[in-house]
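Please read all numbers here as calculations on a predicted model, not as lab measurements. Order of appearance sets the numbers: ligands from 1, and atoms from 1 within every ligand.
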Amino acid sequence: MSLNTNSWNRLRYTLYLPIYDLIADKIFRKYRKRSVELLNAKPDDTILILGAGTGLDLPYLQGYPNLTAIDITPGMISKLKQRAEKLGIPVQAHVMNGQQLDFAAYSFDAVIAHLILAVIPDPIACIKEVERVLKPEGTVMVFDKFLPEGQQPSILRRFFNIIASALFSDINRSIETIVGHTSLSIELNEPAAFNGTFRLVRLRKLKP
Ligand SMILES: C[S@@+](CC[C@H](N)C(=O)[O-])C[C@H]1O[C@@H](n2cnc3c(N)ncnc32)[C@H](O)[C@@H]1O
């Protein structure tokens, strides 16, 4: 049985809200900026920010007027809306489950998935939804911590992950395995924070 459920995440992220930006802003700034550069979106592209949190990616998305943000935690979405207003950035923001998106197929040119695939209870359901809502040739930027390719977690690491996945995020996920459940292709996988424990990964939806 896993402690990592949507209800638990909604509760814990509501509790983390007052200190979230202190932890996730400064240390990840340069990777958020790099990720948006690698996304290489056109100004009129429709962009979905999945599991958007308090909107720490928004400062790097000025000049993109077709932004949509979703998150399962209502408090996160409220804070994101305040940030968007302060920055003068138009964002359609919704409380929504990233494993079951309430958008039609082919709705977005690009998806930003920062610090969500290692948090969400079912990353495979999530990436399949990303694939569904993405237009052909659409791009996804993932920023998160993943196991090195081909590495299996040790028993100790599996044990520690019971606590890590409930309080922080899963430390035993493989981006290759997650993406392998879709027909998205991994175009780029570059080391990011903490000596490459965190990765910046660009995915592409190929033409059918
Ligand atoms: C580590 S935070 C990352 C937030 C933001 N992407 C960032 O980079 O700062 C994880 C976020 O995922 C959200 N989340 C967890 N499960 C989710 C789900 N099933 N659907 C949508 N969002 C979810 C949480 O509410 C939280 O805001």
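- Any N or O atom pair closer than 3.5 Å counts here, and Y13 shares no such pair with ligand 1.
- Within a 6.0 Å sphere centred on CD of Q151, other residues, nucleotides and ligands contribute more than 12 heavy atoms.
- Comparing N4, I70, I116, N9 against atom 14 (N) of ligand 1, the shortest heavy-atom distance belongs to I116.
- Between R204 and E137, none of the side-chain N atoms (NZ, or NE/NH1/NH2) sits under 4.0 Å from a carboxylate O, so this pair counts as no salt bridge.
- At a heavy-atom distance under 4.0 Å, only backbone atoms of A52 (N, CA, C or O) approach ligand 1.
- Less than 4.0 angstrom separates some heavy atom of M76 from each of these atoms of ligand 1: 27 (O).
- Atoms CD and OG, on E190 and S35 in that order, are 9.0 Å from each other to the nearest 0.5 Å.
- The N/O atoms of N6, backbone and side chain alike, include one that comes under 3.5 Å of an N/O atom in ligand 1.
- Counting only N and O atoms by type, the side chains of N161 and D170 include a donor and acceptor under 3.5 Å apart.
- Nearest-residue assignment for atom 24 (C) of ligand 1 (options I112, D71, D21; heavy-atom criterion): D71.
- Considering only non-hydrogen protein atoms, atom 8 (O) of ligand 1 sits nearest to R32 NH1, 2.7 Å.
- Between E131 and K128 no salt bridge is recorded (no basic side-chain N to carboxylate O distance below 4.0 Å).
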Show me the donor-acceptor pairs, under 3.5 Å and distance only, between side chains in residues 79-96 and residues at least two apart or in other chains.
residue	atom	partner	partner atom	Å
R83	NE	T54	O	2.8
R83	NE	G55	O	3.3
R83	NH2	D21	OD2	2.7
R83	NH2	T54	O	3.3
R83	NH2	T54	OG1	3.2

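- Close approach to I72 involves these atoms of ligand 1, each under 4.0 Å from a residue heavy atom: 14 (N), 15 (C), 16 (N), 17 (C), 18 (C), 19 (N), 20 (N), 21 (C), 22 (N), 23 (C), 25 (O).
- In this structure, a donor-acceptor pair under 3.5 Å is absent between the side chains of T73 and R10.
- The shortest N or O to N or O distance between H114 and ligand 1 is below 3.5 Å.
- Those atoms of ligand 1 that come under 4.0 Å of a heavy atom in I120, given as number and element, are 18 (C), 19 (N), 20 (N).
- A side chain to side chain contact (heavy atoms under 4.5 Å, CB included) with I127 is found for one member of I175, I120, I178 and no other, namely I178.
- Here the protein heavy atom with the shortest distance to atom 3 (C) of ligand 1 is Y20 OH, 3.1 Å.
- No side-chain donor-acceptor contact under 3.5 Å links R32 to the backbone of P59.
- Interface of T73 with ligand 1, defined as ligand atoms under 4.0 Å from a residue heavy atom, comprises 24 (C), 25 (O).
- Distances below 4.0 Å separate heavy atoms of M96 from the following atoms of ligand 1: 20 (N), 21 (C).
- Per-residue contacts place L115 under 4.0 angstrom from the following atoms of ligand 1 (heavy atoms of the residue considered): 1 (C), 2 (S), 3 (C), 8 (O), 10 (C).
- Inspection of the N172 and R158 side chains reveals no N or O donor paired with an N or O acceptor under 3.5 Å.
- Considering backbone and side-chain atoms alike, G51 places an N or O below 3.5 Å from some N or O of ligand 1.
- Counting only N and O atoms by type, the side chains of D45 and N66 include no donor and acceptor under 3.5 Å apart.
- For the pair G98 and ligand 1, the shortest N or O to N or O distance falls below 3.5 Å.
- The closest approach between a heavy atom of F28 and any atom of ligand 1 is not below 4.0 Å.
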